[in-house]
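Just so it is clear, the values below take in all heavy atoms, side chains as well, and ignore hydrogens, waters and symmetry mates. So that the names make sense, note that chain A is the first sequence line, chain B the second, and so on, each numbered from 1.
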2 protein chains.
Amino acid sequence: MTDTEPLLLTLAAPAFDARSLRPIWKQIADRLHSACADGLLLGDARLPGEIRMAEIFGVTRVTMRRALARLQQEGILQARKGVGIFVRPMPLRYRLDHGNRFADGLDPPAAKIGATTLAMERGQAEAEEAEALHLSPGDAVIRLTRLRVVDDAPVYLSRKTFPADTLPRFEAAYAARSSVRDVFEAHGIAGYRRVQTRVSGGFATDAEAVALRLSPRTPVLRTVALNAAPDGRIIEYSLGTWPLTAVELVLTPYDPSQTEPFDAD
Amino acid sequence: MTDTEPLLLTLAAPAFDARSLRPIWKQIADRLHSACADGLLLGDARLPGEIRMAEIFGVTRVTMRRALARLQQEGILQARKGVGIFVRPMPLRYRLDHGNRFADGLDPPAAKIGATTLAMERGQAEAEEAEALHLSPGDAVIRLTRLRVVDDAPVYLSRKTFPADTLPRFEAAYAARSSVRDVFEAHGIAGYRRVQTRVSGGFATDAEAVALRLSPRTPVLRTVALNAAPDGRIIEYSLGTWPLTAVELVLTPYDPSQTEPFDAD
DNA sequence: CAGTGGTCTAGACCACATG
DNA sequence: ATGTGGTCTAGACCACTGG
């Protein structure tokens, strides 16, 4: 972990334009933003404390905080109370072909892709889940919460719901490789397809913020995906949350010739 | 324009929880948020000045501003320098079937839908436009900038690019009803279809903020749409910007049986 | 001109995480 | 115990908009 203070000193060196042209806090934010974009500040780097940074940039702590707040809102920095302020590892924006296997859809291809299973539980279908899966409220379902990490940056939090009676051996089939596709195949389902994708925007809940390492109420992208088995039965209802600028979702009309099964992401 | 001060006084009446439980500025923001959501504060209502509101809620102007800033970031309020703070008319989140005619895709159906043509010009294709339209950079194109307003709230800013040689009588055909679909039909193109939709998130540029009546750098949803004529030629490249929480885009795989032409939105 | 929102400062207290 | 980020105040000056 290299010391970021020397770099910040160089960033603060050029005098700021007279105030009222562009607010100082925006100018500070701009310089920090550029430094991150140019790779001068790498992911997970720790910045000096707010008071120190205020000194470096020659402003009050309040003003410094405004700049930092803006960068947190944009998902570039992330403050942790009692710990410090860190550069959030931000992959360039990946283009993701939604409806393909997660890894294959990434453009450019990422060096490291990881998936963490945060929770797996059986429960009863809520109203929305029931409607999406064509079940009755209260029917048995399996819920899976996972986090996708690309190049050290958490980029995708998903909560998937499956009909329990269709996939009785879910846990066992999933355990081996943490793959939803394996589960489907273990139950004789291959070649399932995306039936619908919905995209909306919102603000991260506390839980989402923690998982994605964002500040609370940071803007996010939300996806709702419905996957169906070849016979048309909906077998997966998936809610996804993405940091706003992490991805560009590409949605191409379904081409019957392309029946390649995909990983349920 | 009713006076909003009495309502705010009732909102401020209940004492705030001891600080450090939940920050006062968040509590204030919560109450204002609820008031808007519950319809107590209607669109375009003007709030009292910051100093007055600070009095009403019993806090400093700085604290009051934090609450207001949050609500602006979420697109609920909109401050205009030298004028005042206004409630942004926020339609409920509309579900929009992207790839249909704008009006038909809205769910629930809106009472009032309007479209304003902000700019129409001929120019030379930029690199991105050229690639999307299968042209060479510098080829003649027509650009159209429009704003969609639903129930008094601006919800969709679009910049569309068309190949000029394919649509020589663009201006004349568009003039009558401000309809892109008319233009296509006037050139013998009917039944065009959505080839690709891309969705990403970002922060409003100054121009976008003005058009959509948002504060600068408010989070937004961005769409890129490619429409093709029946023969497969790409005839429209469309960039769209939406307030983050204004819509939910629904993307269903292309169904060949549904060849209904749609309005190019 | 008066009123409005936008920016900035100086100083204080608190809650949290770490050693 | 220390240092960190989070919150709040009091007071000031500026720039924009409108009548």
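Surrounding CD of A:Glu5 are more than 12 heavy atoms belonging to other residues, nucleotides or ligands, all under 6.0 Å away.
Which of D:dA10, C:dT7, D:dT7 sits closest to the side chain of A:Pro23 comes down to C:dT7. Nearest to the side chain of B:Ala79, among D:dG5, C:dG5, D:dT4, sits C:dG5. Closest contact between the side chain of A:Ile51 and the listed nucleotides C:dA10, D:dT4, C:dT18 involves D:dT4. In this structure, the nucleotide among C:dA10, C:dG6, C:dT18 sitting nearest to the side chain of A:Arg80 is C:dT18. When the nucleotides C:dG6, C:dT4, D:dT9 are ranked by their closest atom to the side chain of B:Arg46, C:dT4 comes out on top. Listed nucleotides: D:dC8, C:dT9, D:dA15. Nearest to the side chain of A:Val59: C:dT9.
For the pair B:Arg143 and B:Phe162, the cation-pi test (distance below 6.0 Å, angle within 45°) is failed.
In this model, the phosphate group of C:dG6 is approached by a side-chain N or O of B:Arg65 to a distance below 4.0 Å at OP1 or OP2. Regarding contacts with the backbone of C:dC8, every side-chain N or O of A:Arg66 stays at 4.0 angstrom or more from both OP1 and OP2. For C:dT9, the OP1/OP2 oxygens have a side-chain nitrogen or oxygen of A:Thr63 closer than 4.0 Å.
The aromatic rings of B:Phe16 and B:Phe57 are tilted relative to each other, their planes meeting at an angle between 30° and 60°.
One cannot find a donor-acceptor pair under 3.5 Å joining the base of C:dG11 and the side-chain atoms of A:Arg61.
Using a cutoff of 4.0 Å between basic side-chain nitrogens and carboxylate oxygens, B:Arg213 and B:Glu208 are not scored as salt-bridged.
No contact: A:Leu68 has no heavy atom under 4.0 Å from any strand. A:Val83 comes within 4.0 angstrom of the backbone, heavy atoms only, and of no base.
A:Gln78 and A:Leu214 get closest at one heavy-atom pair: OE1-C, 3.3 Å.
The distance from atom CD1 of B:Ile28 to atom C1' of D:dT9 is 13 Å, rounded to the nearest whole Å. In this structure, the CD atom of B:Gln78 is 13 Å from the P atom of D:dT17, given to the nearest Å. Summarising the geometry, the separation between CZ on A:Phe16 and P on C:dC8 is reported as 10 Å, rounded to the nearest angstrom. Here C:dC8 presents its P atom at 12 Å from CZ of A:Arg70, a figure rounded to the nearest Å. One interatomic measurement links the two molecules: CG of A:Asp206 to P of D:dG6, which rounds to 14 Å at whole-angstrom precision. Rounding to whole angstrom units, CD1 of residue A:Ile24 and P of C:dT7 are separated by 11 Å. As a whole-Å value, the separation of B:Met64 CE from D:dG11 C1' is 19 Å. Distance A:Arg22 CZ to D:dA15 P: 17 Å, rounded to the nearest Å.
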Using a 3.5 Å cut-off and no angle test, enumerate the donor-acceptor pairs between side-chain atoms of residues 63-71 of chain A and protein atoms at least two apart in sequence or in another chain.
unit_1, atom_1, unit_2, atom_2, d
A:Arg65, NH1, A:Glu50, OE1, 3.4
A:Arg65, NH1, A:Glu50, OE2, 2.6

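Heavy-atom nearest nucleotides on DNA chain C were determined for A:Lys26 and for A:Lys81, and the one closer to the 5' end corresponds to A:Lys26.
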